[in-house]
Amino acid sequence: MRFNISYYRRARGFVLAASLVFAIGQLCKAQSLPAGDKSTPTNTAVAPPEQVSTVVENSVVKVFSTVRNPDFYKPWSKQAPSELTASGVVIEGKRILSNAHVVLYASQVQVQANQAGDKVSATVVAIAPGIDLAVLKLDDETFFDTHPPLARARTLPEIKDAVMAYGYPKGGTSLSITKGIVSRIEFAGYNLGTAGLRIQIDAAINPGNSGGPAVVGDKMIGLAFSHLVSSESIGYIIPCEEIDLFLEDIADGHYDGKPALADGLQTLENPALRAYLKLGKPAGGIIVDKPASDASAYPLKQWDVISKIGDTPVDDQGMIKLNTGLRVLFSYMVQKITAHGKVPLTIIRAGKEMNVAVPVQARRPMVIPPLEGAYPSYFVYGPLVFSTATQEFVEGLTSSSHQWLQYLTSVGSALIARWGDKPAFEGEGLVVIPSPFFPHKLAKGYSSPQGEVVKTVNGVPIKNLNHLVKILRDSKDEFIRFEFDQRHAETLIFPRQQMVAATDEILSDNDVRSQGSPDTMAIWTQAKTSK
């Protein structure tokens, strides 16, 4: 069976298809625990008071954030502010650790200690939406004089270890403590193509617990970040090993991301595959189905069998055994043994064993990229709005109505056909119409182009949003012709001078403050100042 290692989506086998990617994306959203989640809290088992550590209580904080999320379908504006509450924990360096989804797009963040009345203003200094971690600094660092950091465990917990989850879930205002056991440890997908170790516990975790520590004894084993909505008593923890990697990464003031292989891989379970590759019974590993690069210098080729990562054997399902007795995806070792941007692998090629060093990437370039905390770029031209196609836009569009997914698939939209693709050339990006026409007579008789990807402008293939703006800026043609990259899409033709003249009126009538985002306006105004 086949999987693409860049997505780490594993059930019995590994499959990457557009419809499944969207379904998984929506499931991941459903599992996350923003404090504004309306789901009904499950029954919680409160630990006996004698087992509660005051050391831990003193290090757990309540996090208040005011967020302004992007409006992907009106990219010139933001969504209305929403107030969230969640949890956090004091760590070394006079910092607070919490989840990225708690403070992503936050315009204001405050923290409050257990049993305290005052709130202390905070600033987000590092954030990693993929692994769902964030670090906060406080305006008043005297807070840490009486709230020391919570010690972190240096090893993974054992299965069945007793664990307590601390936090501020909905249903009350005081600190909540629930008790359970460690149920499972695995290497699994997080967000945005990022994968990492994940601990499953059966202690109740509910909206508001996000960012709170899970503790064995008096040491934190990880940070709560999600639960399985469809089941009771299945919560997920980001283990300290992942937290330490994140903190090491941001030590230089910049988050680079986790290294990962980008090759398409296939399991070696089928006997016919072994016979085709002329592999004897002792040989095992995972097949390279689609190398990340076709370049002759790239060390992996189709039908290579990865038999070891470093010194660790890989089995026919792409799994490895750790000294702790755990069995996880072999890609877990990438983050452990990568050096100078390469990971050492042992492969079998045409029956011969050889050692190779394969380049890894912290961020895989994608033609439909995630925003990762940025706001979408846009440009208004007459009654049309253009924006860059992002993962959040596509997922939001298809989750709002299953009919959207069916429609985009049926017309061969590039939003579906190019999902997961890397750019065909440097700087490639899809330009999409995010919203219906602004009301104006220039659009008379045309159907709404919302969700359509721009293919050409006056016959020129569009490379990205800034390229489209440049084409519009420099055009001296009487008419502007837009063609779209899907079947049955109308071709839109407008008088160029009237489009330019109507834009200011349209902006004013619809309370749009700026014709474009700063990046597109830098392109648009460049021509005006040079004329």
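We count residues from 1, following the sequence as given.
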With a 4.0 Å cut-off, would you call [X] and [Y] a salt bridge?
| X | Y | value |
| --- | --- | --- |
| Arg349 | Asp304 | yes |
| Arg418 | Asp421 | yes |
| Glu353 | Lys308 | no |
| Asp263 | Lys290 | no |
| Glu242 | Lys258 | yes |
| Lys321 | Asp315 | no |
| Arg198 | Glu186 | yes |

Heavy atoms of other groups near Lys219 NZ, more than 12 under 6.0 Å: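 Not more than 12 within 6.0 Å, no.
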Flag if over 12 foreign heavy atoms under 6.0 Å of CG, Asp311: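 No, the 6.0 Å shell around CG holds no more than 12 heavy atoms from other groups.
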Qualifying residues under ring-ring contact (aromatic ring centres under 6.0 Å, His included), relative to Phe484, sequence neighbours excluded: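 Phe484 satisfies ring-ring contact (aromatic ring centres under 6.0 Å, His included) with no residue once adjacent residues are dropped.
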Any residue meeting side-chain hydrogen bond (donor to acceptor under 3.5 Å, both in side chains) with Asp485, in chain and number order, not counting sequence neighbours: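 Partners of Asp485 under the side-chain hydrogen bond (donor to acceptor under 3.5 Å, both in side chains) test: none.
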Validation row, ring centre Phe187 to ring centre Phe330 under 6.0 Å: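 So the answer is no for these two rings.
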Which donor-acceptor pairs under 3.5 Å do the side chains of residues 371-378 make with protein atoms, sequence neighbours left out?
from   : atom 1 : to     : atom 2 : distance (Å)
Glu372 : OE1    : Arg363 : NE     : 3.4
Tyr375 : OH     : Arg68  : O      : 2.6
Ser377 : OG     : Asp519 : OD1    : 3.4
Ser377 : OG     : Asp519 : OD2    : 2.7
Tyr378 : OH     : Ser514 : O      : 2.8

